[in-house]
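These notes are about the structure you will find just below.
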Amino acid sequence: MEQLYEGKAKQILSTDKEDEIVIRYKDDATAGNGEKKATITGKGALNLAITTRIFEMLEENGVATHYIKTLNDTDMLAKKVTILPLEVIIRNISAGSFAKRYGVEEGIVFKEPTFELSYKNDDLGDPLMNEDHAVALGLITRDQYKEVKETTLKINKLLQDFFHGIGVKLVDFKIEYGVDKDGKILLADEISPDTCRLWDEKTNEKLDKDIFRRDLGNLTEGYQKVLDRIRG
Ligand code: UDP
């Protein structure tokens with residue numbers, strides 16, 4: 001397998017099929033646009049195991065994803081897509097950059113989820129972007145935007161139920177979409193404690209990457225708790 005791309009937390013490898021790739025989950029952690037870095041043994045395997053269960057659940061509920069199957073502790077086989085350079089973010093509770101930007105505390109429960117886009121561009125620091133800006137720059141069409149928003153709100157409902165079932169609040173999350181060779185939009189990338197904020201329903205304990213971002217303790221212990229609860 002040949003490496004096609006290396007990102008901060010994953011590598012993309014070719015397979016013998018033109019339209020399939022392998023996504024290898026790494027133990028590298030970064031935060032603050034790569035300013036804070038560490039290698040955390042076991043993180044990649046935990047994220048892959050959690051992403052696998054979530055993608056399977058979403059597929060069962062009619063969400064089209066790039067997931068084909070998980071091959072081993074670190075590798076997922078997926079359909080090859082062209083990633084839309086947009087970070088699609090849903091917030092159910094205020095936290096992180098939202099709380100900072102608007103000068104509010106974390107933990108405000110919103111009546112309705114907020115839908116937000118940012119331009120996936122590390123050099124620019126992933127700036128916030130609205131629909132018109134994304135269309136003007138040719139990053140997405142109006143029809144694709146509409147589909148992405150509808151699908152993302154559906155995913156939010158499914159994820160909220162899924163996490164509520166294991167006693168966890170889904171505070172916010174980031175997802176990415178890709179377009180396959182037939183022009184179909186597929187949910188891609190990962191959904192894991194690296195890309196979601198997850199708080200214990202009873203104690204508000206953080207079970208996500210904020211453990212690393214804010215030096216709150218042992219990251220893999222938090223992620224392991226999420227996986228153990230998913231596995232029942
Ligand atoms: N997020 C992510 N990758 C990014 C930026 C954000 O996965 O490059 C996730 C983050 O884990 C959180 C949500 O998107 O679940 C909202 O993040 P926020 O905008 O609050 O940014 P942050 O506080 O992480 O800078």
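Atoms within a ligand are numbered from 1 in the order they appear, just like the ligands themselves.
Other members of the hydrophobic cluster containing Val171, listed by chain and number, are Ile93, Val109, Trp199; membership follows side-chain contacts under 4.5 Å among ILVMFWY residues, whether direct or relayed. Val81 belongs to a hydrophobic cluster whose remaining members, ordered by chain and number, are Ile83, Leu186; membership requires side-chain heavy atoms of ILVMFWY residues under 4.5 Å apart, directly or through intermediates.
Here Ala31 has no heavy atoms under 4.0 Å from ligand 1, in either its backbone or its side chain. For Asp194, every heavy-atom contact with ligand 1 shorter than 4.0 Å involves the backbone, none the side chain. Residue contacts with ligand 1, taken as heavy atom pairs separated by less than 4.0 Å, do not involve Lys209 at all.
Here the shortest heavy-atom distance to atom 11 (O) of ligand 1, taken over Arg214, Arg213, Lys174, belongs to Arg213. Residue Arg197 holds the heavy atom nearest to atom 22 (P) of ligand 1 of all those in Arg197, Lys100, Lys8.
In terms of protein heavy-atom proximity, atom 20 (O) of ligand 1 is closest to Ser97 N, 2.8 Å. The nearest protein atom to atom 13 (C) of ligand 1, hydrogens excluded, is given as Asp172 OD1, 3.5 Å; this is a heavy-atom distance. For atom 5 (C) of ligand 1, the closest non-hydrogen atom on the protein side is Glu87 OE1, 3.6 Å.
Residue Gly96 has at least one heavy-atom neighbour below 4.0 Å for each of these atoms of ligand 1: 20 (O), 23 (O). Taking every heavy atom of Arg91 and a limit of under 4.0 angstrom, the matching atoms of ligand 1 come to 16 (C), 18 (P), 19 (O), 20 (O). Each of the following atoms of ligand 1 lies closer than 4.0 Å to a heavy atom of Cys196: 15 (O).
Ser94 places a side-chain N or O within 3.5 Å of a backbone atom of Glu105 that can act as its donor or acceptor partner. Checking side-chain atoms of Asp182 against main-chain N and O of Lys184 turns up no donor-acceptor pair under 3.5 Å. Judged by distance alone, the side chain of Lys169 and the main-chain N or O of Asn92 form no donor-acceptor pair under 3.5 Å.
Below 3.5 Å of separation, one finds no N or O of Glu116 facing any N or O of ligand 1.
Ring geometry for His66 against Phe55 counts as tilted: the plane angle lies between 30° and 60°, on a 0 to 90° scale.
A cation-pi geometry, defined here as NZ or CZ lying under 6.0 Å from the six-membered ring centre and within 45° of its normal, holds between Lys36 and Phe212.
The residue from Asp208, Asp194, Asp189 that alone fulfils the salt bridge (charged side-chain N to carboxylate O under 4.0 Å, His left out) condition with Lys174 is Asp189.
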